[in-house]
There are 2 protein chains.
Amino acid sequence: MLASETVENYLKAIYLVQREAAAGEAPVGKVAAALGVTAGTATSMVKKLVAAKLARHERFGGVRLTPKGTRAALDILRRHRLVETFLVDTLGLDWSVVHDEAERLEHAISPMVLDALDRHLGRPAFDPHGDPIPRADGAVQESEAMPMSELGAGDGARLVRVLDQRGDSLRFLRASGLKVGATLRVVAIEPGAGVMRIRPDGGTVVSMSTTAASRVLVRPVRGRD
Amino acid sequence: MLASETVENYLKAIYLVQREAAAGEAPVGKVAAALGVTAGTATSMVKKLVAAKLARHERFGGVRLTPKGTRAALDILRRHRLVETFLVDTLGLDWSVVHDEAERLEHAISPMVLDALDRHLGRPAFDPHGDPIPRADGAVQESEAMPMSELGAGDGARLVRVLDQRGDSLRFLRASGLKVGATLRVVAIEPGAGVMRIRPDGGTVVSMSTTAASRVLVRPVRGRD
DNA sequence: ACCTAGAGTTTGAGTCGTCAAACTCATGCG
DNA sequence: CGCATGAGTTTGACGACTCAAACTCTAGGT
Ligand SMILES: [Mn+2]
Ligand SMILES: [Mn+2]
Ligand SMILES: [Mn+2]
Ligand SMILES: [Mn+2]
C-alpha cells in the first residue's frame, strides 16, 4: 500500500523494462541500469518486492510484477504522465524537460490532487509524448502505431508517439516540427547510410538515423503524394 | 545547496518557530514537536545544520538560522505557499487540505517549475491563508494586521490572514463565511466565557473562542455600525 | 545556596537504500 | 564435454534518519 518513493521507482522501472523485453520478464541488470543503481542493489530490492508480493522472481532469472505490482506501477505511471501533461499544457514547459520534473513530482501527488489535476486537464488520454495515460481503474489504451523507420519512401504518416525521453532527442524533434499530431512524409531512405529523410507538413526536410526513427511511432496516412 | 527533503523540513520548521519565539531563537523541543520527531533526533539534526553553516546553536540553548539558512528556509516557504495557491486557485481544492499536500510537493518543485507556476498564478503576493509568499529574492512582505481577539464589540474589520493551519479550524472558518478578504463585525464579547460573537458580512453570527480568534488576523475597518 | 523539574543531549540500536568486491550460476563456444 | 564469460547474487560496510532510554544541564522555587 504505502510504497516508498524508491519502491515506486522500482515498480515503474520493472513495468517499463518488462514491456520492452520479449519474454515479458525484466532482467535485473536492465532494471538496475534504468534506475542508475548497481545490480546488487537491484537484487536486494527485488527481494523486498517479492516479500511484499509485488513481484515474482527466481534466482538468476528475470523479475515479473504480480497483478498487485502491476496495478501499483500503473498508478505511478498515471501520476507521471498526468504531471507531464500538466507541465506542458498548463505551465507551458517544453516537452523535453518535463520527464525529469515528473520523475520527482509523481511521488508527491495524492489521490485527491491527482483527480483534481485530471479534471483540470480534461481527463486526457495521452501525455505530451503520446504515451497513454493509464486510467484511474488501471486500464491502458495503447495507441495503434508503427515505428517511423518502417515507412517507405513517399509514405505519409501522422506522428503519434515518441518513445525516447532523452532531452536532446525531444528538442531535435520539436525544432524539426515533429511533434505529436504532426503529419509528415518520407522523402527518401538511404539504407546504406542508415538514414531517412523526412519532411514534416509545413516544414523543411530533416535527416534522422533509422535507429532514431524507430523510436518515433506513426500512423500511416493515405498517401496523396 | 542540495538540501535533502529532511533538511528542508527542519529549516522551514526552525524558521517558523523562530518567528514565534520571543527571543528570536527556536527551542529544540519546539522544533522537534513541529516535525513530529523526538528531541534527540532534532538535536542531532541541528548539529548537522550547524556543521553546514545553516544554523547556529549552543548546547542547551536555542537554534537560530544563519543568513544562509534563512535564505534556504524562505525558498522552501516560497515553494510551499505558491503550491498552496496553485492547489486552491487552479485546481480548486479547499484551503483546509492544501497545507498537507504542499508539505510534500514543496520538495519536488524545481526552480524552473516554480517560476512557471509563479507566472501562471500571476505572481501572487499571498497564499490562500493570507500568508505572504516570499519573493524569489527572499523578500517577505508581512501584512499589517492585528489579532481578531483584540477587536472590541461593534468593531468592523477585514480578515487578512489565518495563522492556524489545522484542517478543522479552516473548515469551520470557511463554513462560517470567514475567508481571507471577507469583512465582518464583532457583535458581542463575553470575556467571562472567553467567547466572541462575530457576524461576517452577509452571513449569520458565529461564536469563537478568543484563543481561536487570536489566530485570525484582521485589519480594522472604519466602523459604519 | 540548594534541589528538583523540565529541557536538552548522548548513546546504542534499528531501518532503508546504497556501493564495491567477492562469489555463484547458466550457457554457449571451442 | 569443459570451461570462460557475463549476468546475477551475496557480503560487509556505510550514510542518512530515526527512536528509546539513560544522562546532563539550567533555572526556579524554597
Ligand atoms: Mn520517480
Ligand atoms: Mn511521457
Ligand atoms: Mn515538507
Ligand atoms: Mn499557507
Side-chain angles (χ1 to χ4, degrees), chain A residues 1-14 17-18 20-65 69 72 76 103-104 106-108, chain B residues 1-14 17-18 20-65 69 72 76 103-104 106-108:
Chain A
M1 189 83 72
L2 330 74
S4 71
E5 178 160 337
T6 305
V7 167
E8 290 192 338
N9 283 333
Y10 274 90
L11 289 173
K12 185 153 63 76
I14 293 169
V17 170
Q18 208 176 311
E20 290 312 295
E25 272 199 346
V28 172
K30 286 260 173 65
V31 173
L35 292 165
V37 118
T38 66
T41 301
T43 296
S44 66
M45 180 54 85
V46 164
K47 284 186 191 167
K48 274 187 55 170
L49 298 180
V50 169
K53 302 222 189 297
L54 293 164
R56 247 183 292 284
H57 175 238
E58 56 207 40
R59 257 171 69 105
F60 296 97
V63 198
R64 189 190 300 270
L65 294 180
I76 299 152
E103 203 55 59
R104 277 171 297 109
E106 63 189 356
H107 309 290
Chain B
M1 190 83 72
L2 330 75
S4 72
E5 179 160 336
T6 305
V7 166
E8 291 193 337
N9 284 333
Y10 274 89
L11 289 173
K12 186 153 63 73
I14 293 169
V17 170
Q18 206 176 311
E20 289 312 296
E25 273 198 347
V28 172
K30 286 261 175 64
V31 173
L35 292 166
V37 116
T38 65
T41 301
T43 296
S44 67
M45 179 53 88
V46 163
K47 285 185 190 168
K48 275 188 54 170
L49 298 180
V50 168
K53 302 220 188 298
L54 292 165
R56 247 184 292 285
H57 176 237
E58 55 207 42
R59 254 172 72 106
F60 296 98
V63 198
R64 190 190 301 269
L65 294 181
I76 299 152
E103 203 55 58
R104 278 171 294 109
E106 63 188 357
H107 309 290

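Numbered from 1 within each chain, the chains take letters A, B, ... in sequence-line order.
Rounded to a whole Å, the CZ atom of B:Arg59 is 13 Å from the C1' atom of C:dA7. Taking atom CD of B:Glu25 as the reference point, atom P of D:dT26 lies 14 Å away to the nearest angstrom. Taking atom CD1 of B:Ile14 as the reference point, atom P of C:dG8 lies 13 Å away to the nearest angstrom. Spacing between atom CG of A:Leu49 and atom P of C:dC16 amounts to 13 Å, rounded to whole angstrom units. A straight line from NZ of B:Lys48 to P of C:dT9 spans 17 Å, rounded to a whole angstrom. Residue B:Asn9 contributes atom CG, which lies 14 Å from atom C1' of D:dT18 at whole-angstrom precision. Here the C1' atom of nucleotide D:dT9 and the CE atom of A:Met45 are 16 Å apart, to the nearest Å. Atom NE2 in B:His57 sits about 8 Å away from atom P in C:dG8, given to the nearest Å.
Heavy-atom distances to DNA chain C give each of A:Glu5 and B:Lys30 a nearest nucleotide, and the one nearer the 5′ end belongs to B:Lys30. Between A:Gly40 and A:Phe60, the one whose closest nucleotide on DNA chain C sits nearer the 5' end is A:Gly40.
OP1 or OP2 of C:dC19 lies within a sub-4.0 Å distance of a side-chain N or O belonging to A:Thr41. Under 4.0 angstrom from either OP1 or OP2 of D:dA16 there lies no side-chain N or O belonging to B:Tyr10.
Between the CG atom of B:Leu11 and the CE atom of B:Met45 there is a distance of 9.0 Å, given to the nearest 0.5 Å.
Residues A:Lys12 and A:Glu103 are paired through a salt bridge, judged by an N-O separation under 4.0 Å between the basic side chain and the carboxylate. The existence of a salt bridge linking B:Arg104 and B:Glu5 is excluded, since no basic side-chain nitrogen approaches an acidic carboxylate oxygen closer than 4.0 Å.
Across all strands shown, B:Gly36 has heavy atoms under 4.0 Å from sugar-phosphate atoms exclusively, and none from any base. B:Lys47 comes within 4.0 angstrom of sugar-phosphate atoms only, judged by non-hydrogen atoms across all strands, and of no base.
If you check C:dT10, D:dA20, C:dA20 against the side chain of B:Thr38, the one that comes closest is D:dA20. When each of C:dC16, D:dT9, C:dT9 is scored by its nearest atom to the side-chain atoms of A:Val28, the top-ranked nucleotide is D:dT9. Taking every side-chain heavy atom of B:Ala39 into account, C:dT9 is the closest of D:dT9, C:dT9, C:dC16. When the nucleotides C:dT24, D:dC19, C:dG17 are ranked by their closest atom to the side chain of B:Val37, D:dC19 comes out on top. Between D:dT10, C:dT10, C:dG17, one nucleotide has an atom nearer to the side chain of A:Ser4 than all others, and that is C:dG17. Of the candidates D:dT18, C:dG8, C:dG17, the closest approach to any side-chain atom of B:Thr6 belongs to D:dT18.
Scored by the side-chain contact (heavy atoms from CB on, under 4.5 Å) test, B:Ser44 finds no partners at all (sequence neighbours excluded).
Just one of B:Leu49, B:Thr43, B:Val28 meets the side chain to side chain contact (heavy atoms under 4.5 Å, CB included) condition when paired with B:Val63; it is B:Val28.
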